[in-house]
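Below, read A as the first sequence line, B as the second, and so on, with proteins coming before strands; counting in each chain starts at 1. Note: hydrogens, waters and symmetry copies are ignored here, and every other heavy atom, side chains too, is used.
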Number of protein chains: 2
Amino acid sequence: MSIRNPKQALYEQFAIVAKALGHPLRLEMIEHLAQGARSVEALAAKLGQPVANISQHLQALRRAGIVSAERDGKFVHYALVDESVLSAFASVRTVAERHLAEVDRIVRGYFDARDDMRPVTRDELRKLMRDGVVTLIDVRPADEFALGHVPGAINVPLGEVRAWSAGAATRREVVAYCRGPWCVMSFEAVAALRSLGHSARRLEDGMPEWKAAGLPVETTA
Amino acid sequence: MSIRNPKQALYEQFAIVAKALGHPLRLEMIEHLAQGARSVEALAAKLGQPVANISQHLQALRRAGIVSAERDGKFVHYALVDESVLSAFASVRTVAERHLAEVDRIVRGYFDARDDMRPVTRDELRKLMRDGVVTLIDVRPADEFALGHVPGAINVPLGEVRAWSAGAATRREVVAYCRGPWCVMSFEAVAALRSLGHSARRLEDGMPEWKAAGLPVETTA
DNA sequence: TCGTCATTCAACAGAATTATTGAATGATAG
DNA sequence: CTATCATTCAATAATTCTGTTGAATGACGA
């Protein structure tokens, strides 16, 4: 190990990146950062973690070239360096989905119990939106919605779904989306809406994927 | 940490996969396995590592759903479960190449010193081969060559490049490839051939990428 | 300048990962 | 059955990773 040839040195660099992805909290942080830049404190609040812990994990991600930091007054805003990070996240997820039995178990035991219908694909959604036959709700918190959402979507944060649905016609189908294919909030929203007599489905994935597919994104200035 | 919601449980599963990729030796093992299935002993010999160490790393990879094991008599052959692993490897590598300054340094300091010409792309190579104007050499060991190589390639393991080149016309351009874009052997082969007066270039990547692109592969039964 | 606030640092204990060693297992050949 | 061989297991020590705590830094506003 003392003498390293250039090839091993490269593998070590690649391993730094993979190792940085190898912690559940850091993966969750990446999914949040995929929605847009965040300050340390904001991230910590989202994840319910001590600020110092989040700060240290962010620095691990920065050393791995996964996030970039930009100081803005008192705050330091962290953001994903580019979409290659999401692509790495996605391929790791693909391996896990295909080959880890435990993933199957978790997904079947929790998600499917609440969502027995096929999710809506992006293409389907675009057609449904063009035809004006569905209401699209973005169940993420307002700040994330403001930073970028699917054109035509209404922001209904998860906690407000019940109240919002009271004023919505039950005959019109609702499509819900949030942060990504495994984001729990859209599952919860769909479950709540169904229990209230609405017809509801999930979008197959969420905002970062929508943006990554090159589809238009609307922001609230 | 004691109570985990399903979302966190999923992140933990994804982290298992990423963590398994987070070790230089395991990455090197994956690159070797991308050439085809290998026994524990064969892998250990290739990497110059104790068998027990390789065995343990293989089991770590197996727990992460990255490799599969198949017993054949006394031997256990390990193989990558599917191409999703290579895609994960590739995206991790992409992140590192784009954002880790150290990768730049290593590549510039070592590889570029020996290879100042553009590598040949896959499409270019197919045209050159169709026109019959280049000699394509596969500088991997014979066993890897036998398991699958680019049609029309000649197997010239790295150690035999010098001897082989003596009998080859220096006027005909040589293209060399090996295990992948960072495989050292093709760089070394090109450097050796140039120092002997040949015109030589590297293929931009190697065998697993060729196969992954859906291009034809020839095997020696 | 001072106080406040967001972030980082430093130090610590507990946990996990790693390479090594030697013994145990499982399968084949004689 | 026994010997042999490939692989795995178990135990160990060294190292690294994690989360927590409290103090230090850096920037802003009064």
Let me know, please, whether B:Val76 or A:Asn53 comes out on the 5' side of the other along DNA chain D by nearest nucleotide. B:Val76

Quick check on D:dT8: is either OP1 or OP2 less than 4.0 Å from any side-chain nitrogen or oxygen of B:Tyr78? yes

Picking from D:dA6, D:dT18, C:dT8, which would you name as closest to the side chain of A:His23? D:dT18

To the nearest angstrom, how far is B:Gln49 atom CD from C:dT21 atom P? 12 Å

Residues touching DNA chain C, which here means a heavy atom under 4.0 Å, drawn from residues 31-39 of chain A: A:Ser39

State which residue, out of B:Pro157, B:Ser186, B:Pro141, fulfils the side chain to side chain contact (heavy atoms under 4.5 Å, CB included) condition with B:Cys178. B:Ser186

Does the side-chain contact (heavy atoms from CB on, under 4.5 Å) test come out yes or no for A:Lys19 and B:Lys19, once each step is laid out? CA-CA 5 Å; A:Lys19 202 178 294 186; B:Lys19 202 178 293 188; 5.9 Å; no

Describe the nucleic acid contact of A:Ala60 in one word from base, sugar-phosphate, nothing, applying a heavy-atom distance below 4.0 Å. nothing

By the definition side chain to side chain contact (heavy atoms under 4.5 Å, CB included), identify the one residue from B:Leu193, B:Asn155, B:Leu158 that meets it with B:Ile137. B:Leu193

Under 4.0 Å from OP1 or OP2 of C:dT8: is there any side-chain N or O of A:Ser55 that close? yes

Testing A:Asp82, A:Ile30, A:Val81 one by one against A:Ile66 for a side chain to side chain contact (heavy atoms under 4.5 Å, CB included), which residue passes? A:Ile30

What is the distance from CG of B:Leu21 to C1' of C:dT17, rounded to the nearest Å? 16 Å

Between C:dT28 atom C1' and B:Phe75 atom CZ, what is the distance in whole Å? 10 Å

Do the side chains of B:Arg98 and A:Glu83 get close enough for a salt bridge, i.e. N-O under 4.0 angstrom? yes

Nearest whole Å is fine: how far is C:dA27 P from B:Asp72 CG? 12 Å

Whole angstrom value for the distance that separates C1' of C:dT7 from CD1 of A:Ile54: 13 Å

In this structure, how many angstroms lie between the C1' atom of D:dT8 and the CG atom of B:Leu43, rounded? 16 Å

Shortest side-chain distance from B:Gln59, nucleotide among D:dT8, C:dT18, D:dT7: D:dT8

To the nearest Å, give me how far apart CG (B:Leu47) and P (C:dA19) are. 12 Å

Nucleotide nearest A:Val40 when distance is taken to its side chain, options C:dT21, D:dA6, C:dT7: C:dT7

Check whether NZ of the Lys or CZ of the Arg A:Arg202 lies under 6.0 Å from the centre of the six-membered ring of A:Phe187 and within 45 degrees of that ring's axis. yes

Whole angstroms only, please: what is the CG-C1' distance between A:Leu61 and D:dC17? 14 Å

Once you apply a heavy-atom cut-off of 4.0 Å, does A:Gln56 come out as touching a base, just sugar-phosphate, or nothing? base

When you measure from the side chain of B:Tyr11 to the backbone N and O of A:Arg26, does any donor-acceptor pair fall under 3.5 Å? no

Mark yes or no for whether B:Trp210, through its side chain, and B:Arg122, through its backbone, hold a donor-acceptor pair below 3.5 Å. no

Checking all strands, does A:Arg26 fall into the base, sugar-phosphate, or nothing category for heavy-atom contacts under 4.0 angstrom? sugar-phosphate

Which nucleotide in the set C:dC5, C:dT21, C:dT7 lies at the smallest distance from any side-chain heavy atom of A:Lys74? C:dC5

Phosphate oxygens OP1/OP2 of D:dG19: is one of them under 4.0 Å from a side-chain N or O of A:His57? yes

